[in-house]
There are 2 protein chains.
Amino acid sequence: MDQAPRWTRPTMGTLFAGLEREPADALLDAATHRQFAEGTTLFHQGDAPSQLFQVSAGLVKLSRVNPEGEQTTLRFMGAGDLVGCVAVFQQSPFPATAIASKPTSVLCWGAAQILDLTRRYPAISANALKTVGDRAREMIDRVAELTDKGVEARIASVLLRLAGQVGRTCLAGVEIAYPVTRRDVAEMTGVTYFTVSRILGGWQRQGLVQLGRVRIIVMEPQRLAQIAG
Amino acid sequence: MDQAPRWTRPTMGTLFAGLEREPADALLDAATHRQFAEGTTLFHQGDAPSQLFQVSAGLVKLSRVNPEGEQTTLRFMGAGDLVGCVAVFQQSPFPATAIASKPTSVLCWGAAQILDLTRRYPAISANALKTVGDRAREMIDRVAELTDKGVEARIASVLLRLAGQVGRTCLAGVEIAYPVTRRDVAEMTGVTYFTVSRILGGWQRQGLVQLGRVRIIVMEPQRLAQIAG
DNA sequence: CGTCACCTTGATGGATATCAAAAACCGTGG
DNA sequence: CCACGGTTTTTGATATCCATCAAGGTGACG
């Protein structure tokens, strides 16, 4: 218990990445645990950012609604991901809404505390910077994808991304271990769910994927990757 | 010369925002000036991030090419903007290419120096964090825009954004003080320049804008804003 | 005054949204 | 076990938007 690390995922990408003992302890001490039931919202788009979350288990959906009420799903966040980082470190309203898609447990910090910690420990600040940078880079990638890839390529990308984030290998291939409706995929790609249904149907006929009611199994990742470009 | 600040834009958004004398001096001392002629590239997409730039005058275009050679223009950056911040603080390759669209002068820092400075001065780090966050937020906005707004709305948004970034008020309205081709607008919105030409033409007929060869004057910002949604 | 880049306009086709309807699936309660 | 209601999914017909291709016009500049 003494030299063993007290946190579970010392991997890169989190706030804890590569920290010395002292700042890591300070971070942990300041954190509280919270649980969110499926369907519960962590925060709403437009809210003042009072807390920063790090997912330790479960799944969170980040989405955004426009004035007309249409939804755009920005991404899912799983274990290790920092939810709310952009808003908290900027001290400006959340740009999206976060909803637990599964029972989810998180580590969380008050905005004031976390800002204080970054001020005190440059290493934490550097990690935050890296994480926010990752978020920016992802969104840059999405912008490029949306402007110069076709619909099929975008859907293939989303499938692969989901498979990577929440995929579970099974006999037939990689199953997306989370109830994904056609509408979900549509909101992630910026098309209607009719189109998603048609394209997925085509792929199933070709043996690329296997479809169920709220379930998708990727059977040929490489051919999908090829379609994704 | 003693209590007067030595930098020109102490406004927020830059690395210098709200700094005490000491870190500000350290930043300035570490910086070097560079000039880029029109058409020169500051860095290429995929390059290792060796330098961070802050534009002091001129204009830089950030764009991205996909494997098929099509261009996507991410944004223009003007005085005060930090170019390359995402990559430098993350120490991973530039996600886009930066090219001077006008004769441009910049302040620039080596990657190692700037990382060292953020380690030494939490205030600088906080500013960096805020800037990178801004970039992330912008891109989130673009993603939402691309997925749920139509072409007209996107073009209107781009026009308003340009007017805000590099606009100059004149008698007829707000002139975009930079030679913008239809193709430029197209690359920023993800459509072809044919479509841009048609839509702009329609707006000119309705008196919303006034068109010239490589020149656009926005005459009715509010109606454009309405179209932008 | 010729050349080149930029811009416009028209005709056409294809991809995708939209509208409408039905089918498959799931949980529930009789 | 079966019938029912709601959600998800499929499928079809049609319309719309936009890309594409083709051609000509317009202004800038040597």
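Note that the structure is a prediction, hence the values are computed from the model and not measured. All chains are named by letter (A, B, ...) in the order of the sequence lines, taking the proteins before the strands, and each is independently numbered beginning at 1.
- If you measure from atom CD1 of A:I155 to atom P of C:dA15, you get 14 Å, rounded to the nearest angstrom.
- Rounded to a whole Å, the OH atom of A:Y178 is 11 Å from the P atom of D:dT8.
- A sub-4.0 Å separation between OP1 or OP2 of D:dT11 and a side-chain N or O of A:R205 is present.
- Minimum atom distance to the side chain of A:R198 is reached by D:dG12, of the listed C:dT8, D:dG12, C:dC6.
- Nearest to the side chain of B:F194, among D:dC21, D:dT8, D:dT10, sits D:dC21.
- The nucleotide whose nearest atom lies closest to any side-chain atom of A:V191 is, among D:dA19, C:dA17, C:dT9, C:dA17.
- Atom CZ of A:R161 is surrounded by more than 12 heavy atoms from other residues, nucleotides or ligands within 6.0 Å.
- If you check C:dT18, C:dT8, D:dT10 against the side chain of B:R182, the one that comes closest is C:dT8.
- Distance, B:E152 CD to D:dC18 P: 7 Å, rounded to whole Å.
- Rounded to a whole Å, the CD atom of A:E187 is 14 Å from the C1' atom of D:dT8.
- The CG-C1' distance, from B:L211 to D:dG27, rounds to 14 Å in whole Å.
- Contacts of A:R154 with the nucleic acid, taken as non-hydrogen atoms under 4.0 Å apart, are absent.
- B:F76 places a side-chain heavy atom less than 4.5 Å from the side chain of B:S101.
- Aromatic ring pairs are classed by plane angle as parallel below 30°, tilted from 30° to 60° and perpendicular above 60°; the pair A:F53 and A:F36 is perpendicular.
- For the pair B:L146 CG and D:dC18 P, the interatomic distance rounds to 13 Å; values are reported in whole Å.
- Note that CG of A:D184 is 10.5 Å distant from CD1 of A:I176, once rounded to the nearest 0.5 Å.
- Regarding B:Y193, its OH atom lies at a distance of 11 Å from the P atom of D:dT20, rounded to whole Å.
- Between B:T195 and A:R215, the one whose closest nucleotide on DNA chain D sits nearer the 5' end is A:R215.
- Residue A:T192 places at least one side-chain N or O closer than 4.0 Å to OP1 or OP2 of C:dA17.
- In this structure, the nucleotide among C:dA17, D:dT8, D:dT11 sitting nearest to the side chain of A:S197 is D:dT11.
- No donor-acceptor distance shorter than 3.5 angstrom exists from the side chain of B:R64 to the backbone of B:A96, with no hydrogens or angles considered.
- Atom CD of A:E70 and atom C1' of C:dT18 are 13 Å apart (whole Å).
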